[in-house]
Amino acid sequence: GDSVTQTEGQVTVSESKSLIINCTYSATSIAYPNLFWYVRYPGEGLQLLLKVITAGQKGSSRGFEATYNKETTSFHLQKASVQESDSAVYYCALSDPSGSWQLIFGSGTQLTVMP
Amino acid sequence: ETAVFQTPNYHVTQVGNEVSFNCKQTLGHDTMYWYKQDSKKLLKIMFSYNNKQLIVNETVPRRFSPQSSDKAHLNLRIKSVEPEDSAVYLCASSYWGRDEQYFGPGTRLTVL
């Protein structure tokens, strides 16, 4: 079936350092999945951070970027300089825009930014 | 700004009891969802519902059922809880045919 893999359960980075959170997907039944990053800040609901629907395109929001790489089936999240306020849980997800539109999530990565 | 509301925040109950969780959205969406987040933090869709159809994930036990009074509300009822039902339940909403979903803060269920 279709799935999303986030290999790191927890990532700790010092403030102002760069960040990469890995995400790979398997979309055996979806020709062109839409890809997402969602974020959950402490005490808040899950919210959409960015979405990319076209292979090769880059999405960006709040200083975060992710590029849809169909060759490596990856959608890694990057930020050049993290802030303490970026501490949250980040979820990679995909959907089938020609089918059910339902979201399939990765297991999430807890980011802790140290001051 | 919160637009998907869930109550209660937490609920502790015993095996065999019935529980019901509420969800309301003020975004004007026509489709709502329930997800289960287990102890491994995996988020899995349970139901998606609009006024035209209910889609049920085939892995969801029959003791779970969604209940809707209108397109802004979708409650989740568990008829007879079991220990493996302990989890966080997330409600979400969207427009039908759109995959950008908006989530509530979740309800944490603990079954003793």
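Throughout, protein chains are lettered first and strands after them, A, B, ... in sequence-line order, and every chain is numbered starting at 1.
Both the backbone and the side chain of B/L43 have a heavy atom closer than 4.5 Å to some heavy atom of chain A.
Nearest heavy atom pair, residue A/L103 against residue B/Y35, reads CB-OH, 3.7 Å. Listed here is the closest heavy atom pair of A/Y38 and B/D99: OH-O, 3.9 Å. Across every non-hydrogen atom of A/F36 and B/E100, the tightest pair is CE2-CG, 4.4 Å. Closest approach of A/Y91 to B/Q37, counting heavy atoms only: OH-NE2, 2.6 Å.
Grouping the Ile, Leu, Val, Met, Phe, Trp and Tyr side chains by contacts below 4.5 angstrom, directly or via other members, places A/V4 with A/L111. No chain of hydrophobic side-chain contacts below 4.5 Å, direct or via other Ile, Leu, Val, Met, Phe, Trp or Tyr residues, connects A/L48 to B/Y95. Hydrophobic clustering (ILVMFWY, side-chain heavy atoms < 4.5 Å, transitive): A/M114 and A/Y90 are in distinct clusters. Note: the hydrophobic cluster containing A/L46 does not contain A/F64 (ILVMFWY, side chain heavy atoms under 4.5 Å, direct or indirect links). Linking Ile, Leu, Val, Met, Phe, Trp and Tyr residues whenever their side-chain heavy atoms come within less than 4.5 Å places A/W37 and A/Y41 in a single cluster.
Put simply, CD on A/Q102 and OG1 on B/T31 are 10.5 Å apart, with the number rounded to the nearest 0.5 Å.
Taking 4.5 Å as the limit, some side-chain heavy atom of A/R40 sits within range of a side-chain heavy atom of B/L90.
Counting heavy-atom pairs under 4.5 Å between each of A/G9, A/G45, A/G43 and chain B puts A/G45 at the top.
The number of heavy-atom neighbours closer than 6.0 Å to NZ of A/K79, taken from other residues, nucleotides and ligands shown, is above 12.
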